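Read through the structure below, which is laid out as structure tokens, and then see the notes.
Just so it is clear, the structure is predicted and the values come from calculations on it, not from any experiment. These numbers come from the heavy atoms of this one structure, side chains and all, not from hydrogens, waters or symmetry mates. Quick note: residue numbers are just sequence positions, from 1.
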Amino acid sequence: METVGSRLTTLRESVHLTQKKLAEIGGMAQSTLNRYEHDQSEAPYKVLVWYADYFDVSMDYIFCRTPKPQGKLYDYKPQLIQEKAEQNEELRQFVEMCFDPASPVNSRLKEALVKMLQEGGGI
């Protein structure tokens, strides 16, 4: 199983740098870098961001969330927005079900209700 430390080692080795040289470039002690690479110590976020910038990789890659250095490429759709869209559709179906389509009065009431819900953020 890959770890953050193994990813840091892979990145360093991919450009043929020694721990000592990379530690100098990153402004840290070689022994500190060694602990990060061997998962004996967790690198602070500041160091991980430096790695991501220096090696031009994503944090997803460093955290072993993807094997792709460019990271996960996906359309951002927060769960709440998807859930709200599903709830809106259910509400719209409920409103449709409550009114008799043959009645002109019900049609106007339904339109008014749907409009109110849309304006209020319900649909």
Heavy-atom nearest pair, H38 first then Q19, reads CE1-NE2, 4.1 Å
Check whether the side chains of T66 and D60 place a donor and an acceptor atom closer than 3.5 Å, and report yes or no.
no
OH on Y54 to CG on L11, rounded to 0.5 Å
11.0 Å
Test side chain to side chain donor-acceptor pair (under 3.5 Å) applied to E2 - qualifying residues, sequence neighbours left out
R7
Flag if over 12 foreign heavy atoms under 6.0 Å of CG, D56:
no
Within a strict 4.5 Å, meaning less than it, do heavy atoms of the P44 and Y36 side chains meet?
yes
Interatomic distance, Q30 atom CD to K21 atom NZ [nearest 0.5 angstrom]:
14.0 Å
Rounded to the nearest 0.5 Å, what separation is found between the SG atom of C64 and the CE atom of M1?
7.5 Å
Output yes when a side-chain donor or acceptor of T32 lies under 3.5 Å from a complementary backbone atom of M28, and no otherwise.
no
Taking everything shown except E42 itself, do over 12 heavy atoms lie less than 6.0 Å from its CD?
no
Atom of I62, atom of L48 and distance for their closest heavy-atom approach
CD1-O, 3.5 Å
Are the side chain of R12 and the backbone N or O of L17 linked by a donor-acceptor pair below 3.5 Å?
yes
If every non-hydrogen atom of Y51 is compared with every non-hydrogen atom of E37, which pair is closest and at what distance?
OH-OE2, 4.2 Å
Using the ring of each side chain (for Trp, its six-membered ring), is F63 parallel, tilted or perpendicular to Y45, with breaks at 30° and 60°?
tilted
I would like to know whether W50 and I25 meet side chain to side chain contact (heavy atoms under 4.5 Å, CB included); could you show each step before the answer?
CA-CA 11 Å; W50 179 84; I25 294 169; 3.8 Å; yes
Taken to the nearest 0.5 Å, the spacing of L8 CG from N34 CG works out to 11.5 Å
